[in-house]
Amino acid sequence: MKQGLFITLEGPEGSGKSTVIKLIEGYLKERNIEFISTREPGGIEISEQIREIILNKNNTAMDSRTEALLYAAARRQHLAERVIPALEENKIVICDRFVDSSLAYQGYARGIGMNQVMEINKFAIDKYMPNLTIYLDIDPKLGLERISKNKDREVNRLDLEKLDFHKRVREGYMILLKENPDRIKSIDASRDILEVFDDIKKLLKNILK
């Protein structure tokens with residue numbers, strides 16, 4: 001089995017990443033595989049503080065480039081303080097979102113440009129990219145309906161965007177899928193969670209050999 005693997009989960013709002021991550025955690029625990037589970041933006045104190053600024057519902061005046069730069073700043077600190085040390089200890093890192101989110105949300109949906117956002121993030125992430133990215137695909141309308149029914153989920157600034165924005169996010173992810181077929185694997189997240197996780201387990205078994 002390989003060690004020191006970086007596995008990220010991506011998807012539109014309401015795609016079920018949090019639920020899937022809990023199932024992955026249980027899967028790894030059963031196999032006595034050392035791992036950490038974390039999220040972006042956040043995961044450590046400084047990045048969580050930046051997260052509060054980015055996702056605060058009152059910060060509607062935030063410029064798109066400011067948003068992209070804040071995500072990159074949170075990402076850098078999270079990498080330096082949590083992800084890189086875990087990888088160097090040969091642990092599996094499971095992360096809810098990474099650079100692909102910035103490319104889809106700020107690069108494509110906000111219209112900054114995916115190449116421009118990638119340039120910002122090259123400085124932040126250096127050589128570190130996921131070994132595997134699991135993309136949970138769902139129709140944006142269905143994803144937003146799920147959010148509205150989940151009273152326990154935090155409602156953040158991005159949730160307040162109109163449906164067209166979330167459709168563009170998904171379009172951005174589709175571009176990334178085509179550009180990175182070896183790294184990004186798409187899973188139909190509109191199905192029952194156990195069906196979704198069955199497909200994810202196949203991906204995990206393959207990378208953990």
Side-chain angles (χ1 to χ4, degrees), residues 8-21 37-83 94-126 128 130 133 135-176 189:
T8 58
L9 280 93
E10 296 283 351
E13 305 302 316
S15 58
K17 291 182 287 78
S18 298
T19 303
V20 165
I21 286 174
S37 182
T38 188
R39 71 173 181 174
E40 281 204 349
I44 47 102
E45 186 176 350
I46 293 173
S47 298
E48 288 289 343
Q49 291 177 30
I50 298 173
R51 178 190 179 91
E52 289 181 17
I53 296 170
I54 296 172
L55 299 181
N56 190 315
K57 290 184 289 184
N58 296 322
N59 292 339
T60 54
M62 186 178 294
D63 179 78
S64 296
R65 294 191 186 194
T66 301
E67 184 179 76
L69 287 164
L70 285 171
Y71 273 113
R75 180 164 297 127
R76 177 61 205 175
Q77 188 64 29
H78 180 236
L79 263 177
E81 196 172 334
R82 186 140 202 236
V83 176
I94 307 296
C95 190
D96 184 343
R97 298 199 181 282
F98 192 59
V99 69
D100 296 302
S101 283
S102 288
L103 299 176
Y105 280 79
Q106 285 74 50
Y108 191 83
R110 295 283 192 218
I112 298 175
M114 296 174 92
N115 289 336
Q116 287 84 343
V117 172
M118 191 64 211
E119 286 303 313
I120 292 171
N121 278 276
K122 280 181 181 177
F123 180 71
I125 66 177
D126 194 15
Y128 292 93
T133 297
Y135 169 68
L136 299 175
D137 187 39
I138 193 169
D139 180 271
K141 186 177 180 181
L142 176 57
L144 294 176
E145 287 174 358
R146 283 182 175 180
I147 290 173
S148 67
K149 293 176 183 176
N150 185 357
K151 304 304 179 183
D152 295 328
R153 184 188 183 278
E154 67 170 350
V155 178
N156 60 55
R157 189 168 57 85
L158 294 178
D159 295 329
L160 303 180
E161 295 286 349
K162 294 180 179 179
L163 181 60
D164 283 348
F165 173 81
H166 295 285
K167 287 182 177 178
R168 291 196 300 274
V169 168
R170 185 172 182 270
E171 289 171 6
Y173 275 122
M174 292 299 106
I175 292 171
L176 293 171

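Between Ile175 and Glu171 the shortest side-chain heavy-atom distance does not fall below 4.5 Å. Under the 4.5 Å side-chain criterion, counting only non-hydrogen atoms from C-beta, Tyr128 is not in contact with Val83.
Residues passing the salt bridge (Lys or Arg N to Asp or Glu O under 4.0 Å) test with Glu13 are Arg97, Arg153, sequence neighbours excluded. Evaluation of the side chain to side chain donor-acceptor pair (under 3.5 Å) rule for Glu52 yields no partner, not counting sequence neighbours. Every residue meeting the salt bridge (Lys or Arg N to Asp or Glu O under 4.0 Å) condition with Lys122, not counting sequence neighbours, appears here in chain and number order: Glu119. Residues passing the salt bridge (Lys or Arg N to Asp or Glu O under 4.0 Å) test with Glu81, sequence neighbours excluded: none. Residues passing the side chain to side chain contact (heavy atoms under 4.5 Å, CB included) test with Ile21, sequence neighbours excluded: Leu9, Glu25, Ser37, Ile94, Asp96. For Ser47, the side chain to side chain donor-acceptor pair (under 3.5 Å) criterion is met by no residue, not counting sequence neighbours.
A salt bridge does not link Arg82 with Glu40: none of the charged nitrogens is closer than 4.0 Å to a carboxylate oxygen. Between Glu48 and Arg39 there is a salt bridge, since a side-chain N of the basic residue sits under 4.0 Å from a carboxylate O of the acidic one. In summary, Arg157 and Glu67 engage in a salt bridge, as defined by a charged side-chain N under 4.0 Å from a carboxylate O. In summary, Asp137 and Arg170 engage in a salt bridge, as defined by a charged side-chain N under 4.0 Å from a carboxylate O.
Because its NZ or CZ atom is not both nearer than 6.0 Å to the ring centre of Phe123 and within 45° of the ring axis, Arg76 does not count as a cation-pi partner of that residue.
The heavy-atom pair separating Ser64 from Arg110 by the smallest distance is OG-CD, 3.6 Å. Across Met62 and Ile53, no two heavy atoms sit closer than the pair CE-O, 3.5 Å.
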side-chain hydrogen bond (donor to acceptor under 3.5 Å, both in side chains) evaluation trace for Tyr173 with Ser101: CA-CA 8 Å; Tyr173 275 122; Ser101 283; 3.2 Å; yes

